[in-house]
Novice: 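Mind looking over this structure? Questions follow.
Protein chains get the first letters and strands the later ones, always in sequence-line order, with residue 1 at the start of each.
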There are 2 protein chains.
Amino acid sequence: MGELTEDIGFLLARVSGEVVRATNAALAPEGLRVRHYSVLLLACDSPDGISQRAVARILGLDPSQVVALVDELAQAGLVQRQPAPTDRRAKLVTATGAGCRVRERAAARAAEAEQGALRSLSGDEREVLRALLSRVAESASDAAYAFE
Amino acid sequence: MGELTEDIGFLLARVSGEVVRATNAALAPEGLRVRHYSVLLLACDSPDGISQRAVARILGLDPSQVVALVDELAQAGLVQRQPAPTDRRAKLVTATGAGCRVRERAAARAAEAEQGALRSLSGDEREVLRALLSRVAESASDAAYAFE
DNA sequence: TATTGTTATACTCTATAACTATA
DNA sequence: TATAGTTATAGAGTATAACAATA
């Protein structure tokens with residue numbers, strides 16, 4: 001095989017796509033895709049609710065993308081929008097009881113899909129991969145902030 | 001930060017998106033995006049030409065996606081379609097002289113963008129990352145073949 | 001003036017199905 | 001009958017700009 005298939009950028013796109021595909025398939029029975037699942041996770045882990053702005057920042061999305069995600073989760077009864085007591089512009093997204101239950105099942109499915117996709121790596125190797133990606137991601141957000 | 005931002009799948013999507021974005025921006029002056037660049041690379045590295053089917057298989061794309069990519073590269077005068085001498089169904093994609101020259105410049109730009117995105121990793125660490133991703137990608141294609 | 005959420009729009013990417021011409 | 005290329009279409013993801021309500 002040529003040099004292209006050993007390029008880190010190429011491999012990242014390939015592996016990322018594969019993991020997203022596998023995770024989407026695993027979450028389908030819960031009526032979720034990875035993006036929705038990510039938002040649900042943040043809502044469940046924020047007992048006091050989380051603003052859509054914060055969701056967008058953490059997930060690296062544009063705030064306008066979050067609107068549709070929360071709309072669909074709310075329509076499915078998994079989250080609710082509540083006005084923020086301290087800032088009437090902001091709406092806090094909170095998970096419902098049903099949302100938390102779905103989240104538990106979805107987390108198990110997502111973890112299984114991810115482990116399947118990464119089955120060729122040992123536990124230690126996965127941890128190395130995670131640490132390296134984490135550092136790259138962190139420096140990327142630094143750069144983004146630097147240009148603001 | 002919560003557990004989500006330390007999930008390997010999340011980090012893969014985040015970092016991959018960042019690298020693709022940076023590479024697309026770096027390739028823009030050459031009128032290319034990463035997909036077109038990948039096809040051009042394969043054409044340049046295949047002196048006798050490469051079938052669109054092979055391009056699709058190597059890049060992990062559907063053959064129908066390759067059509068538009070080759071169309072645009074051909075319209076820009078960077079590649080040509082030639083009938084395969086041994087199989088009249090197949091068309092071999094070959095790079096033109098202009099295509100090879102653009103490829104050289106594009107390769108330098110793409111490498112620079114990638115190094116920028118991965119600047120927080122040492123050379124050794126990048127090699128570790130590359131090797132781990134390569135193994136994951138390889139096992140993924142094994143699984144794909146297993147289901148065919 | 002700046003920020004939060006929202007709407008609208010356009011473009012890219014992904015996924016399928018069906019068709020043609022060859023093998 | 002199977003394969004290479006092609007066309008068409010729909011859905012998902014990404015990127016921007018603009019707007020109303022509020023700070």
Side-chain angles (χ1 to χ4, degrees), chain A residues 10 12-14 16-25 27-28 31-39 49-74 79-93 144 147-148, chain B residues 9-10 12-14 16-25 27-28 31-39 49-75 79-93 144 147-148:
Chain A
F10 175 80
L12 275 168
R14 193 83 184 264
S16 170
E18 190 55 43
V19 172
V20 168
R21 217 173 347 262
T23 308
N24 274 337
L27 291 176
L32 298 173
R33 285 191 301 280
V34 282
R35 278 292 157 70
H36 301 81
Y37 169 63
S38 298
V39 174
I50 182 172
S51 75
Q52 298 188 185
R53 210 76 187 184
V55 170
R57 184 180 51 77
I58 295 172
L59 297 184
L61 302 176
D62 189 89
S64 64
Q65 299 179 256
V66 179
V67 176
L69 293 173
V70 173
D71 279 351
E72 291 176 40
L73 286 172
V79 303
Q80 286 181 329
R81 281 187 177 93
Q82 293 184 326
T86 60
D87 183 340
R88 284 194 297 171
R89 292 173 304 180
K91 296 175 183 172
L92 299 182
V93 181
F147 283 113
E148 277 173 5
Chain B
F10 175 81
L12 275 168
R14 192 82 184 263
S16 170
E18 190 56 41
V19 172
V20 168
R21 216 174 344 264
T23 309
N24 274 337
L27 292 176
L32 298 174
R33 285 191 301 279
V34 282
R35 279 292 159 69
H36 301 82
Y37 169 63
S38 298
V39 174
I50 181 171
S51 75
Q52 298 188 186
R53 209 77 186 182
V55 170
R57 185 181 50 79
I58 295 172
L59 297 184
L61 302 176
D62 189 89
S64 65
Q65 297 178 257
V66 179
V67 176
L69 293 172
V70 173
D71 279 351
E72 291 176 39
L73 286 172
Q75 196 170 351
V79 303
Q80 286 179 329
R81 280 187 177 93
Q82 294 184 325
T86 60
D87 184 341
R88 284 194 298 171
R89 290 173 305 180
K91 296 175 183 173
L92 300 181
V93 181
F147 284 112
E148 277 173 4

Novice: Would you indicate which nucleotide in D:dT22, D:dT14, C:dT12 comes nearest to any side-chain atom of B:R33?
Specialist: C:dT12
Novice: How long is the line joining CG of B:N24 and C1' of C:dC11, in whole Å?
Specialist: 12 Å
Novice: How close or far is atom P of D:dG13 from atom CG of A:L61, stated in whole angstroms?
Specialist: 10 Å
Novice: C:dT14 P sits how many Å from A:E18 CD, rounded?
Specialist: 12 Å
Novice: Starting at CZ of B:R35 and ending at C1' of C:dC11, how long is that distance when rounded to a whole Å?
Specialist: 15 Å
Novice: Between A:R21 (CZ) and C:dC13 (C1'), how many Å, whole number?
Specialist: 11 Å
Novice: Taking only residues two or more places apart in sequence or in another chain, which ones pass side chain to side chain contact (heavy atoms under 4.5 Å, CB included) with A:T23?
Specialist: A:V19, A:L27, A:V34, A:A110, A:A113
Novice: Taking only residues two or more places apart in sequence, or in another chain, which ones meet B:R14 in a side chain to side chain contact (heavy atoms under 4.5 Å, CB included)?
Specialist: B:F10
Novice: Please list each protein N or O that sits under 3.5 Å from an N or O in nucleotides 2-8 of chain D, with the distance.
Specialist:
from  : atom 1 : to    : atom 2 : distance (Å)
D:dT3 : O4'    : B:R89 : NH1    : 3.4
D:dT3 : O2     : B:R89 : NH1    : 2.7
D:dA4 : OP2    : B:R53 : NE     : 3.0
D:dG5 : OP1    : B:Q52 : N      : 3.0
D:dG5 : OP1    : B:K91 : N      : 3.2
D:dG5 : OP1    : B:K91 : O      : 3.1
D:dG5 : OP2    : B:R53 : N      : 2.5
D:dG5 : O3'    : B:K91 : NZ     : 3.4
D:dT6 : OP1    : B:R81 : NE     : 3.2
D:dT6 : OP1    : B:K91 : NZ     : 3.0
D:dT6 : OP2    : B:Q52 : OE1    : 2.9
D:dT6 : OP2    : B:Q52 : NE2    : 2.6
D:dT6 : OP2    : B:R81 : NH2    : 3.3

Novice: List for me each residue that meets side chain to side chain contact (heavy atoms under 4.5 Å, CB included) alongside B:P83, sequence neighbours excluded, and say none if there are none.
Specialist: none
Novice: Closest nucleotide of DNA chain D for A:V20 versus for A:R88: which of these residues is on the 5' side?
Specialist: A:V20
Novice: Rounded to the nearest angstrom, tell me the gap between atom NE2 in B:H36 and atom C1' in C:dC13.
Specialist: 12 Å
Novice: Please identify each residue that fulfils side chain to side chain donor-acceptor pair (under 3.5 Å) with B:Q80, with sequence neighbours left out.
Specialist: none
Novice: Among all residues two or more places apart in sequence or in another chain, which pass the side chain to side chain contact (heavy atoms under 4.5 Å, CB included) test with B:S38?
Specialist: A:L4, B:L59
Novice: Would you find a donor on one side and an acceptor on the other, under 3.5 Å apart, between the side chain of A:E72 and the backbone of A:L69?
Specialist: no
